[in-house]
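Order of the sequence lines fixes the chain letters, A, B, ..., with proteins taken first and strands second; residue numbering starts at 1 for each chain.
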2 protein chains.
Amino acid sequence: MKRGGFRTSLRDKIIHVSLHLFEEHGYHGVTVKQIVETVGTSKGGFYHHFTSKDELLFVIHDTFITYALEKATIANETYTSPTLRLQAIIKSFIKVFDLYKAHISVFYQESNYLKGNYQVSIKCKRKQFKQIILNVIEEGQHTGEFRDNISIEISTMAILGMVNWTYKWYKKTGDKSIDEIGDIFVDIVLRAILSNESVNNNAYQKFIIQ
Amino acid sequence: MKRGGFRTSLRDKIIHVSLHLFEEHGYHGVTVKQIVETVGTSKGGFYHHFTSKDELLFVIHDTFITYALEKATIANETYTSPTLRLQAIIKSFIKVFDLYKAHISVFYQESNYLKGNYQVSIKCKRKQFKQIILNVIEEGQHTGEFRDNISIEISTMAILGMVNWTYKWYKKTGDKSIDEIGDIFVDIVLRAILSNESVNNNAYQKFIIQ
DNA sequence: TTAAACAGACCAACCAGTCGGTCTAATCAT
DNA sequence: ATGATTAGACCGACTGGTTGGTCTGTTTAA
């Protein structure tokens, strides 16, 4: 049976199991022996599908960041105004948490253990993601939708921080859904960076309350 | 010569060196051998001052969180209005980054490797810190300074995320000083959560521009 | 028959922590 | 003042257990 076949392959099982083990105990807190025992396979099975434990860590990183980047790009291309774009990006990104919570946890906690080309590849995609937000804010300042008396760079990092940090506390069983959280984040961000003119227009109400 | 003497003790040297090694390579990426070689001491010297590598990690965590907690408490006690309090807390916290950037990096990247009582002790202080912000926002909503149509919990996490994330990107050599960054953060947060009445009062201008 | 999928014993390297010993400087007895 | 005593600071070879990874062999499916 080839990779991507109609039955879950051992490869996928290993990723799935490792993900949750890494999330709980950290990359270094989990041994390959533990992984194969939990999966119900052997060292041979593991190393048939992965060249190293490092590669497994990379795959986990890559699946998440690739997905997030794709969603952000789509959100960016779907809308034309910076306000709508920023809103869509934030909401699409926060939604990723429902799907990839475990990936993200591992991503932010273990990314500095990635080695060589693995690290280079991931860092590049991270940069692209940040750049998307940065561009939107810059554009919004030019069109006058966003106030321009605030640093683009710092605003971007503030937004990224606010959203990224969610991995530390978000739980599916919490009393706020990821959609509600996303709405609040959009509210906070837009209130903070929209220009006074935009706020006075219906623009603000329209986008926030939707 | 006793600990805390007028010359930097070996203990302090070990902490200082480990800090920067951990920051760059992660706790698991640094061996005790590397530490003692960099310091210019020996295994014996290391284990004379620390019972384990774990304890060293704990000490690093503890010095930072204890300091941050103390500063937040002071900021909280110095002012009476929630707006001023929140402003002071954010600014005091962001200032900690200048002093303890390395500690904070290690803190957020390795805290889940702390074991047993070490972990319990740190988690407790983290909770206290979060609670301080939570209380301020709650109080602000009661006094009417902050708008009350926004979740206290999510607002708190948004603020914490925005500020905490700074450890990922802040550099002393960057073109924004930590003070400027703090001011922007305060601006963003207050714009986002002040009630419309507060904004219309001079309160807003007064506090932001100071 | 063949090639991929998997099993599991095995290994070399590594690493946190130990332990007997040395050095140094302060304290004390004479 | 000076030799004896002592305690803390520090040294570094060594160890016991662990870990990522290998290798040879077996099963399975086409």
Testing the 3.5 Å rule here: is there a donor-acceptor pair between the side chains of B:Asn135 and B:Glu139?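 No, no side-chain donor-acceptor pair sits under 3.5 Å.
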Verify the distance criterion only: is there a donor paired with an acceptor across the side chains of B:Tyr170 and B:Asp98 at less than 3.5 Å?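 Yes, because at least one side-chain N or O of B:Tyr170 sits under 3.5 Å from a partner of the opposite role on B:Asp98.
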Within this structure, what is the [atom1]-to-[atom2] distance between [X] and [N], rounded to whole angstrom?
{"X": "B:Lys33", "N": "D:dC14", "atom1": "NZ", "atom2": "P", "result": "14 Å"}
{"X": "A:Phe50", "N": "C:dA5", "atom1": "CZ", "atom2": "P", "result": "13 Å"}
{"X": "A:Gln34", "N": "D:dG21", "atom1": "CD", "atom2": "P", "result": "15 Å"}
{"X": "A:Leu10", "N": "D:dT27", "atom1": "CG", "atom2": "P", "result": "18 Å"}
{"X": "B:Lys53", "N": "C:dC14", "atom1": "NZ", "atom2": "P", "result": "15 Å"}
{"X": "B:Leu57", "N": "C:dG17", "atom1": "CG", "atom2": "C1'", "result": "17 Å"}
{"X": "B:Leu56", "N": "C:dA16", "atom1": "CG", "atom2": "P", "result": "11 Å"}

Enumerate the residues from residues 23-31 of chain B whose closest heavy atom to DNA chain C is under 4.0 Å, giving them by residue number; use none for an empty result. B:Val30, B:Thr31
Near DNA chain C, counting only heavy atoms under 4.0 Å, which residues of residues 37-49 of chain A show up? A:Thr41, A:Ser42, A:Lys43, A:Gly44, A:His48, A:His49
Report yes or no: does B:Glu55 contribute a side-chain atom to a donor-acceptor pair with the main-chain N or O of B:His49 at less than 3.5 Å? no
Carboxylate-amine/guanidinium contact A:Lys130 A:Glu153, below 4.0 Å: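 Looking at A:Lys130 and A:Glu153, the cut-off is met.
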Would you compute the distance between atom OH of B:Tyr79 and atom CD of B:Gln87 and round it to the nearest 0.5 angstrom?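 Taking OH in B:Tyr79 and CD in B:Gln87, the distance rounds to 7.5 Å.
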Within this structure, what is the CD1-CG distance for the pair A:Ile90 and A:Leu190, rounded to the nearest 0.5 Å? 6.5 Å
So which pairs with a foot in residues 118-138 of chain B pass ring pair (Phe, Tyr, Trp, His ring centres under 6.0 Å), sequence neighbours left out? B:Phe58-B:Tyr118, B:Phe93-B:Phe129
Cation-pi geometry met for B:Lys168 and A:Tyr108 (6.0 Å, 45°):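 No - B:Lys168 does not lie over the ring of A:Tyr108 by the 6.0 Å and 45° rule.
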